[in-house]
Structures are given as C-alpha cells and as structure tokens.
Amino acid sequence: MSTQVRTNSQIFQDSNNTYFPNNENEVSILVKDFFDKNSSAEVIGSNSKKFIGNKTQAANKISLSKLSGIIEYFPEELYIKVKANTLIEDIEKELEKNEQELAFELIDFGYIEDGNSNKGTIGGYLACNYAGSRRFKVGSVRDHVLGFRGVNGKGEIIKSGGTVVKNVTGYDLSKLVAGSFGTLVALTEITLKVLPKKKISNTIVIDVEDPKKVYNIFDKVAESSSEISGAVFIPNEPDDAGIEKNKNEVFKFNDLEVKNSFLALRVEGDKISVGEKIKSISKELELDKLKSVILENYQSVPFWKKVNNLELFSKTKNNLIRLVIEPASGVEMMKHLGNKFKYYIDWCGALFWIDVPSKKNNKIKEMKELAIKLGGYLTIIKPAQDYDYEETIFTIDKTRLIISEKIKQSFDPKRVLNPGKMYRGI
C-alpha cells in the first residue's frame with residue numbers, strides 16, 4: 001500500500017489483497033493509488049451475482065461492504081437515497097413501512113446459485129441492470145435511477161442526477177453506468193424512485209401451447225389498455241436426462257393445473273380496478289373460448305415471486321442463458337428451441353430464459369447467431385462448470401465494441417476497475 005493510502009486512512013487490507021474502505025473518500029484514495037501504480041482491482045459487494053460475466057483480471061479487490069445504509073428517505077417525494085452496498089432486503093423493509101416499493105421489479109439470483117434467496121445489494125442491481133417481469137411495462141433499473149455517486153478509474157469522485165423526477169437536457173450518466181458491471185465506476189451512493197405498493201395481484205392462467213397462439217396473445221396484451229403488468233409463458237419440460245424437471249413442483253397452487261404448457265397474465269391495482277381489468281382483458285382475449293383459471297392474490301403474489309426468482313432453474317448445474325429479441329421474432333425462436341430445452345418466456349414475449357446442458361454447449365453458438373439475426377442478443381448468465389468460453393459471455397458487435405472501448409477509456413483509461421469482466425481486453 002502506498003504512503004498516501006497509509007497516511008490518509010485506516011483502510012483494512014486482508015491477506016488476499018482485499019481492501020475494505022470505510023467511505024467514498026477512501027474508495028477514491030484506493031483507486032487513485034492503483035491508477036498511479038498501473039494496478040487493477042475487482043470491485044465487489046455481497047457477491048450475489050459473482051457468477052455473471054468473466055473472471056476479472058485484477059491483482060486486488062475493493063470490498064464496498066462498509067458502504068451500507070439509508071442516507072435519506074422521503075416517502076412523500078417518492079425517492080430514497082442509499083449507500084451502494086445497502087442490501088435490497090433492508091431497502092424493502094424501510095419502504096414497506098410506508099406501503100411503498102422500488103419502481104422496478106427485482107430478480108433474485110440466489111436461487112439459481114444455491115436454491116436460497118440472496119437479492120444482494122442495490123449497487124449490484126444497478127451494475128447488472130437486470131429487472132423482472134414488470135420490465136416491459138415500467139422499464140428496467142436504469143429507468144428509475146434519479147442519481148448516483150461513485151469513483152471512476154482515475155480515482156475521481158463523480159456524481160450524476162438529483163432527487164427530482166423531471167426531464168432534463170444533457171447526458172444521463174446513470175444510463176451508461178447501469179449494466180456496466182462495475183467496469184466504469186465503483187458506485188458509492190444511489191438515489192432511486194419509489195412507488196406506492198400494488199395492493200392486489202390477480203393472475204389469469206391460460207392453457208395454450210402453439211407458438212403462434214402464444215404470440216397472438218402476447219401481441220394483444222401489448223396493445224391492451226388493461227394494464228397487464230406481467231406476461232409469461234411456461235412450456236412443458238423436455239424429456240432429457242440432463243435437465244431437472246421441477247415445473248409441477250415450483251408452480252403447485254390450489255387453482256393451477258400445471259400438466260400442460262400455460263401462459264400467465266398479471267393484473268394489479270385495487271380490488272375494483274383489478275376486477276374491471278380482468279373483465280376487459282377477458283373480452284379482448286376471448287377467454288370464453290379458451291381454458292383458463294384466475295389465481296387470487298394469495299396465489300398470484302407467490303406465483304410471480306417464483307417466476308422472478310428463476311426457481312425453475314434452482315441450483316442448476318447447466319448453462320443459464322438470457323436471450324432478448326423483438327417479440328415479432330418470438331415464434332421463430334420458439335420453433336428453434338422446440339421441446340429440446342427447458343425454458344420460459346417473459347416480458348410479454350421479449351425475454352427467453354434457457355437452460356442448456358453441458359452436453360449441448362455447442363448449441364449456445366447457434367442460439368447466439370439466431371438471436372443476432374433476429375436483432376437481439378444473448379448473455380450466458382451462469383456458465384456450466386465445463387463451459388470452455390468458446391462463445392463470449394456477452395453478445396456484442398464490432399461497432400458496439402468500439403463504442404464500449406471508448407467509453408471505458410473515458411472513465412477508466414488504465415483499466416483499473418473490473419478489467420475483462422464483460423469483454424476481454426477492455
């Protein structure tokens with residue numbers, strides 16, 4: 001450790017070259033020291049999403065574990081400001097006191113790791129920018145970040161945004177930082193928009209299997225004025241020894257028959273509005289001609305938690321793929337997957353979660369090529385242990401790669417922060 005770091009702070013360092021700064025200023029001192037020494041550091045929080053992305057090519061680690069806590073919360077202003085390593089569960093508990101919730105919907109990646117909940121920290125969510133089923137209606141994490149503070153790769157403290165919800169001119173740095181996996185900024189503070197908590201959730205479950213019928217319903221939902229806040233398709237599981245069949249167990253509810261493929265639509269609001277929305281969407285979809293059931297609130301709420309917890313892939317040892325395409329190309333993707341893979345479709349037809357056994361590693365390349373052809377992209381969220389990294393974890397074309405290199409150069413010219421986490425050499 002340099003004289004500057006020793007003199008200006010008492011930053012604890014363990015035997016594995018992991019540093020534990022106490023505040024934003026100490027993070028700045030550390031990064032500036034690494035910058036001056038042409039060294040690098042992996043930025044870590046709770047490690048709830050450590051399996052996403054490449055292993056970083058760094059000599060040190062910066063743990064933000066001490067940068068935790070709620071800075072200010074004004075329910076009437078619909079925002080909360082927290083330190084970056086604040087646990088999601090702690091934020092949710094505070095918001096619950098005022099019957100409020102985060103404006104985006106969460107994904108709990110803990111289940112695919114070891115079968116247990118581990119939502120991690122708010123900094124991890126912004127760094128990944130992954131959101132749950134409500135995404136196609138309300139947007140992703142980046143759309144609800146009002147501001148942030150952090151330290152760039154030169155050790156400079158930067159900030160963006162504020163606490164007022166309004167449109168402003170200028171460059172929104174939060175849009176760049178979101179989804180950058182800690183390669184641009186070590187986040188220290190985040191301000192988020194919050195909303196009143198949804199009072200009631202009902203779910204319409206429709207027995208359907210044909211790809212064209214599935215996407216016909218998705219199309220009607222997307223155009224509907226009934227404010228559907230979740231639209232997911234759960235197909236039958238394939239007969240494959242390399243895939244664990246647990247659909248009937250995960251979605252075991254009193255009013256839900258899970259033997260067949262089904263499509264689920266979520267309606268939220270107060271009791272009266274939910275009833276009216278169900279009447280309206282039932283007429284629009286002509287549900288009297290289809291086999292369907294309605295899950296009341298006590299079944300609907302846990303149903304969508306299981307969807308957003310990725311419990312279908314709980315403790316998977318296989319490759320877990322996240323594939324995003326335009327819904328217009330969904331039928332083609334469904335036909336490509338057939339009944340050869342375990343998967344489900346979220347975001348009203350735009351997001352595919354796919355479980356790919358190790359023996360089918362070569363199929364990932366085919367999926368990526370098709371996704372690119374259809375104007376989408378693919379991310380290997382959790383690689384199987386024997387995955388050989390023949391395909392890059394994140395999909396990117398040459399033009400976007402050049403742009404990413406320039407952005408990285410601007411924020412972190414010496415590649416101090418999480419080098420190689422997303423793309424090798426960047």
Side-chain angles (χ1 to χ4, degrees), residues 48-49 51-52 105-119 128 130-136 201 203 205-209 211 214 218 230-266 295 299-325 330 333-334 336-360 363-364 367 378-384:
S48 64
K49 303 168 187 66
F51 48 82
I52 305 177
E105 191 163 24
L106 298 160
I107 293 180
D108 190 339
F109 285 100
Y111 287 87
I112 65 172
E113 179 73 347
D114 60 14
N116 298 304
S117 175
N118 185 3
K119 296 179 181 179
C128 293
Y130 292 144
S133 299
R134 208 176 280 124
R135 162 70 171 81
F136 80 101
S201 166
T203 298
V205 181
I206 306 168
D207 191 333
V208 63
E209 185 172 6
V214 169
F218 277 148
V232 60
F233 174 68
I234 313 287
N236 284 325
E237 297 163 305
D239 291 321
D240 189 319
I243 295 176
E244 180 182 354
K245 299 178 72 170
N246 64 348
K247 170 172 164 269
N248 291 359
E249 178 183 347
V250 170
F251 294 109
K252 186 177 181 180
F253 295 97
N254 292 338
D255 296 326
L256 178 58
E257 176 64 54
V258 294
K259 291 182 180 179
N260 301 318
S261 302
F262 63 86
L263 194 151
L265 308 176
R266 179 175 57 188
L295 303 183
Q299 298 178 90
S300 178
V301 171
F303 175 91
W304 289 96
K305 283 185 178 179
K306 288 175 178 291
V307 170
N308 288 309
N309 290 346
L310 303 170
E311 289 189 37
L312 276 176
F313 313 112
S314 183
K315 295 188 286 188
T316 182
K317 302 299 182 184
N318 299 330
N319 302 284
L320 183 59
I321 305 301
R322 181 179 182 270
L323 189 152
V324 179
I325 57 172
M333 183 58 68
M334 281 186 71
H336 175 79
L337 296 174
N339 193 238
K340 302 187 291 284
F341 299 93
K342 179 176 179 176
Y343 72 96
Y344 76 86
I345 309 172
D346 206 340
W347 293 2
C348 202
L351 172 63
F352 285 70
W353 289 100
I354 311 167
D355 186 270
V356 182
S358 297
K359 64 182 180 181
K360 296 182 179 180
K363 297 297 181 181
I364 296 176
M367 291 180 192
L378 175 155
T379 305
I380 305 172
I381 293 295
K382 184 182 179 184

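Computed from a predicted model, the values in this text were never measured in an experiment. Atoms considered below: every heavy atom in the structure, side chains included; atoms not considered: hydrogens, waters and symmetry mates.
Taken to the nearest 0.5 Å, the OH atom of Tyr130 stands 15.0 Å off from the CG atom of Leu106. Atom CZ of Phe303 sits about 8.5 Å away from atom OG of Ser133, to the nearest 0.5 Å. Put simply, CG on Asn339 and CZ on Phe341 are 11.0 Å apart, with the number rounded to the nearest 0.5 Å. Once rounded to the nearest 0.5 Å, the distance linking CD1 of Ile354 with CG of Asn318 reads 12.5 Å. One distance of note links CG of Asn260 with CG of Asp207; it measures 4.5 Å at 0.5 Å rounding. A distance of 8.0 Å separates CG of Asn319 from CG of Asp355, quoted to the nearest 0.5 Å.
Of the candidates Lys306, Gln299, Glu257, Phe251 forms a side-chain contact (heavy atoms from CB on, under 4.5 Å) with just one, namely Lys306.
Closest approach of Lys340 and Lys360 over heavy atoms only: O-NZ, 2.9 Å. When all heavy atoms are compared, the tightest approach of Ala231 to Leu265 is CB-CD2, 3.7 Å. Here the shortest heavy-atom pairing between Thr203 and Ala264 reads CG2-CB, 3.8 Å. Across Gly115 and Ser314, no two heavy atoms sit closer than the pair CA-OG, 3.4 Å.
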- Please lay out, stage by stage, how Trp353 and Leu323 fare under the test side-chain contact (heavy atoms from CB on, under 4.5 Å). CA-CA 6 Å; Trp353 289 100; Leu323 189 152; over 6 Å; no
- Task: Just do the side-chain contact (heavy atoms from CB on, under 4.5 Å) check on Leu263 and Val232 with the steps written out, would you?
- Result: CA-CA 6 Å; Leu263 194 151; Val232 60; over 6 Å; no
- Item | Step-by-step side-chain contact (heavy atoms from CB on, under 4.5 Å) determination, Lys247 to Tyr344 | CA-CA 11 Å; Lys247 170 172 164 269; Tyr344 76 86; over 6 Å; no
- Query: Going through the checks in order, is the side-chain contact (heavy atoms from CB on, under 4.5 Å) test met by Leu312 and Ile234?
  - Reply: CA-CA 10 Å; Leu312 276 176; Ile234 313 287; 4.1 Å; yes
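Side-chain contact between Ile345 and Met333 is absent, with no heavy-atom pair separated by less than 4.5 Å. Between Asn309 and Ser117, the closest side-chain pair of non-hydrogen atoms is not below 4.5 Å.
At least one donor-acceptor pair under 3.5 Å links the side chain of Glu105 to the backbone N or O of Arg134. Checking side-chain atoms of Lys382 against main-chain N and O of Thr316 turns up a donor-acceptor pair under 3.5 Å. No donor-acceptor pair under 3.5 Å is formed between the side chain of Glu209 and the backbone N or O of Pro235. When atom types are taken as modelled, the side chain of Asn118 and the backbone of Tyr111 share no donor-acceptor pair closer than 3.5 angstrom. In this structure, the side chain of Lys363 does not engage the main chain of Lys359 through any donor-acceptor pair within 3.5 Å. The closest donor-acceptor contact from the side chain of Ser261 to the backbone of Asn236 lies under 3.5 Å. Between the Thr379 side chain and the Ile381 main chain, no donor and acceptor come within less than 3.5 Å of each other. In terms of modelled atom types and a separation under 3.5 Å, the side chain of Lys315 and the main chain of Asn116 share no donor-acceptor contact.
Ion pairing of Lys305 with Asp108 is absent here, as no side-chain N (NZ or NE/NH1/NH2) approaches a carboxylate O to less than 4.0 Å. Taking a cutoff of 4.0 Å between a charged side-chain nitrogen and a carboxylate oxygen, Asp346 and Arg322 do not qualify as a salt bridge.
In summary, the side chains of Trp304 and Ser201 do not present any donor paired with an acceptor at a separation below 3.5 Å, with no hydrogens or angles considered. A side-chain N or O of Asn246 and one of Lys342 form a donor-acceptor pair less than 3.5 Å apart.
The number of heavy atoms from other shown groups lying within 6.0 Å of NZ (Lys245) is above 12.
Under the 30°/60° scheme for interplanar angles, the aromatic rings of Tyr343 and Phe352 are found to lie parallel.
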